Asks: 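After the structure tokens below, expect a handful of questions from me.
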Amino acid sequence: MSADPGYDPKELRTLLAALCDGHLDEAGHARLEQVLHTSPSARRTYLRYVDLHLEVGRRFEIEGAAVGNEGRRPTRHARVLPALAAIAAVLAVGAGLALVFHVLDGGDIPAITRQEAALPAPDESPVAIIGSARGVVWNRDDVSPETGVSLKTGAYALREGELGLGFINGAEVTLGAPADFVILSPLEIYLTEGRVAAQVPESASGFTIRSKDMALVDIGTAFSVNVKPSGVSRVLVREGEVVASLLGKNGTTVRDYRASAGDGFEINAAAAAIRAMDMGDESFVEPFALLLPEFGLDPSYALAVQAAKPLAYWRFETLDQNAAWNTVSPRFPAHTFGPVYLDGGAENQSALFLPGEDMSGFFVSEPLPGLNRRGYTIEFWMNARAIQYATLVGLIKPGWPAPHPDGSESKSPDYLSVIELTSEQASADGLIQRARSLRFLHRSPAESSSGVNVFSNSNYQPLRWTHVAAVCEGDLLRLYIDGRPDQEVAHSSPPGDDAYQVVVGRLRPPGFTDYSRHFSGALDELALYDRPLTAAEVKAHFDAARLR
């Protein structure tokens, strides 16, 4: 690394304040550019300043819209703040200066203009979690680079080590130092420099890695790319297909190139070319395997659940004869179908459902009697691997798996209840729903369509353990998230004495090959009660967990 020639902190603060206030003249622009080019410390200060003013600018824009600015002539200051909020960690002001963005010591500093990185305002919620951190040294004092830590949109600079990220849409990305990157959204990373390996499932198809000169759009695949400050990027496609673009000055595709598994190619901005080449001598970072955060459940949780006398309680600690056994009775074993695994630490195992294994799940074929005689409760912990439209638990009328004499699918089962995750879409199957929420569906008498829905007000956070309790009580349906009442809806469905089978991790029981809504992630501590739990009981259970 080159030595830092230093800078005058007071002068830099004055320049940055004038910049964000819209009062920086051409001489000031020139001086700021000079300071940022020559001092890595100044660039780090600049990034922290920008991060702060991004948030201020975003809030100013929202709150200012409510107050109104009628009759006022737009100032440069008024134009700068929305720009800050619109382009994540990049300032774009003045035709004479595209402010630099680079925080590694030494090296050329490529400029990023607003056209090259125009984006929506950053989301407040985390978009990725650190799944692996090996020898990491980076620029963020406010975020610790440790496994399990969540990351929001923003600028990061990896100076040493390798960092594995799991994105909420399912993409898994490994970055190798040195790497300057901006997390723009759950589907896009901007790179100034760095070595990257990406594993992208179908749920994250369209995941994009961009730089000033190029873009790689992943179509459900795996690839590695080395982005160099010189404007040269080298790519190796490991699985599936990648669409590469050489970008023009306005950030749109000038040349495109489609590559398949085993293909290597180079994108050269200076030569305005994309060409196939052998990547045998290129050093790529190796992708990491994303592990879900360990479920550090306190033993007192199981005691609290058992004291509430559930009809069945599956802890998924072991699989015996391909079944997870009910811990409160020898009856109602939950049999596996398809590939289902147990995962976790020595103190607690969980049921693990992997991406792509949509014919797998647990099925309790012995019907549980009287679940809806006086109301019922479905309680469990879940950790979604990504944002997804997926079924966690379903209660169905007996009779499955049904025979298929002609080889066709049987009709849909009749459901008393379904607990599901919703995707980012505002509608699914014709329903208007809340994006990234939990859905509690109740039908009594059980049937294959219609019913009463409770969509949570809270968003579920992928790669995070969440406690869920769905309660049917009298004329109310209640949904609790992490021990707190989240939403309730009135209903007039009658109780009943029917018994119900249970399917876990998938909408359909064994024998169905379509419309599975397969869950990808982990599920644990599933308890079914033939009565409604009270709000105090739900809170007591959550509090007893004492997650570590």
Side-chain angles (χ1 to χ4, degrees), residues 62 121-129 148-153 166-170 185-186 203 292-293 295-297 301 350 377-394 417-429 431-442 451-473 476-491 505 517 519-527 532-547:
I62 293 171
D123 192 343
E124 286 299 313
S125 58
V127 297
I129 190 171
V149 171
S150 297
L151 301 183
K152 298 181 181 180
T153 55
F167 282 76
I168 59 174
N169 55 20
S185 76
S203 63
L292 294 175
F295 191 26
L297 191 71
Y301 178 82
S350 306
T377 300
I378 305 172
E379 181 183 31
F380 56 91
W381 288 84
M382 72 93 186
N383 190 332
R385 194 180 181 94
I387 296 173
Q388 55 191 284
Y389 182 29
T391 300
L392 300 165
V393 182
S417 183
V418 179
I419 313 296
E420 294 187 318
L421 302 177
T422 70
S423 68
E424 290 280 23
Q425 305 301 316
S427 63
D429 292 338
L431 303 180
I432 305 303
Q433 62 187 33
R434 296 182 64 90
R436 207 191 306 179
S437 65
L438 282 107
R439 177 195 185 194
F440 172 24
L441 168 65
H442 171 75
V452 180
N453 290 281
V454 183
F455 288 102
S456 68
N457 288 315
S458 304
N459 291 339
Y460 66 89
Q461 177 62 49
L463 306 173
R464 175 186 177 275
W465 282 101
T466 300
H467 181 255
V468 179
V471 179
C472 175
E473 177 182 7
L476 286 175
L477 302 175
R478 292 191 174 97
L479 191 56
Y480 297 82
I481 308 296
D482 285 343
R484 298 184 299 272
D486 184 271
Q487 179 66 295
E488 67 178 36
V489 172
H491 77 99
R517 299 184 196 168
F519 171 61
S520 173
L523 191 144
D524 206 359
E525 308 297 322
L526 173 60
L533 290 182
T534 65
E537 286 177 307
V538 173
K539 185 178 185 304
H541 290 186
F542 175 77
D543 290 343
R546 300 191 187 100
L547 291 190

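The figures that follow rest on heavy atoms only: side chains count, while hydrogens, waters and symmetry mates do not. Keep in mind the model is a prediction, meaning the values are calculated, not measured.
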Asks: Could you check Glu525, His467, Glu537 and say which one makes a side-chain contact (heavy atoms from CB on, under 4.5 Å) with Glu379?
Replies: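 The residue from Glu525, His467, Glu537 that satisfies side-chain contact (heavy atoms from CB on, under 4.5 Å) with Glu379 turns out to be His467.
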
Asks: I want to check something: taking the side chain as every heavy atom from C-beta on, are Leu438 and Leu392 in contact at a cut-off of under 4.5 Å?
Replies: yes

Asks: I need the single residue from Phe295, Trp381, Phe380, Phe542 that forms a ring pair (Phe, Tyr, Trp, His ring centres under 6.0 Å) with Trp465. Which is it?
Replies: Phe295

Asks: Minimum heavy-atom separation for Leu297 to Ala545, with atom names?
Replies: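 Heavy atoms of Leu297 and Ala545 come nearest at CD1-CB, 3.5 Å.
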
Asks: Are Ile168 and Leu463 packed together at the side-chain level, in the sense that at least one heavy-atom pair is separated by less than 4.5 angstrom?
Replies: no

Asks: Can you measure from CE (Met382) to CG (Leu523) and round to the nearest 0.5 angstrom?
Replies: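 Result: 8.5 Å between the selected atoms.
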
Asks: Give a yes or no on whether the ring-centroid distance for His442 and His491 is below 6.0 angstrom.
Replies: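 Yes; His491 has its ring centre under 6.0 Å from that of His442.
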
Asks: Between Ser350 and Asp524, what is the shortest heavy-atom contact and its length?
Replies: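 Smallest interatomic distance, heavy atoms only, reads OG-OD2, 3.1 Å.
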
Asks: Tyr389 versus Glu420: any side-chain heavy-atom pair under 4.5 Å?
Replies: yes

Asks: How many angstroms lie between OH in Tyr301 and NE2 in His541, if you round to the nearest 0.5 Å?
Replies: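 Interatomic distance, Tyr301 OH to His541 NE2, rounded to 0.5 Å: 7.0 Å.
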
Asks: Within the side chain of Asp486, is there an N or O that forms a donor-acceptor pair under 3.5 Å with the backbone of Asn457?
Replies: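 Checked: pair present.
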
Asks: Just do the side-chain contact (heavy atoms from CB on, under 4.5 Å) check on Ile387 and Leu421 with the steps written out, would you?
Replies: CA-CA 8 Å; Ile387 296 173; Leu421 302 177; over 6 Å; no

Asks: OG/Ser150 to CD/Gln461 distance, rounded to the nearest 0.5 angstrom?
Replies: 5.5 Å

Asks: In Å and rounded to the nearest 0.5 Å, what is the CZ to CG distance from Phe440 to Leu477?
Replies: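 Spacing of CZ (Phe440) from CG (Leu477) equals 5.0 Å.
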
Asks: Work out which heavy atom in Gly483 is nearest to a heavy atom in Val538; give both atom names and the distance.
Replies: CA-CG1, 4.1 Å

Asks: What pair of heavy atoms forms the shortest contact from Glu473 to Pro532, and how long is it?
Replies: CB-CB, 3.6 Å

Asks: Please tell me whether Tyr460 and Arg436 have a donor and an acceptor in their side chains that are separated by less than 3.5 angstrom.
Replies: no

Asks: Quick one: does Val127's side chain get under 4.5 Å of Leu151's, heavy atoms only?
Replies: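 SC-SC contact between Val127 and Leu151 ruled out.
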
Asks: Without swapping roles, check the side chain of Asn383 against the backbone of Arg464 for a donor-acceptor pair under 3.5 Å.
Replies: yes

Asks: Roughly how far apart are Asn169 CG and Ser185 OG, rounded to 0.5 Å?
Replies: 8.0 Å

Asks: Give, for atom CD of Gln433 and atom OG of Ser423, the distance between the pair rounded to the nearest 0.5 Å.
Replies: 6.0 Å

Asks: For Arg439, run the side chain to side chain donor-acceptor pair (under 3.5 Å) check against Asn453, Thr422, Thr391 and tell me which one passes.
Replies: Asn453

Asks: Please give me the minimum heavy-atom distance between Tyr480 and Val471, naming the atom from each residue.
Replies: CE1-CG2, 3.8 Å

Asks: Quick check: closest heavy atoms across Ser456 and Gln487, and the distance to 0.1 Å?
Replies: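 It is CA-CB, 4.5 Å.
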
Asks: Would you check if the side chain of Thr377 reaches a backbone N or O of Leu533 as a donor-acceptor pair within less than 3.5 Å?
Replies: yes

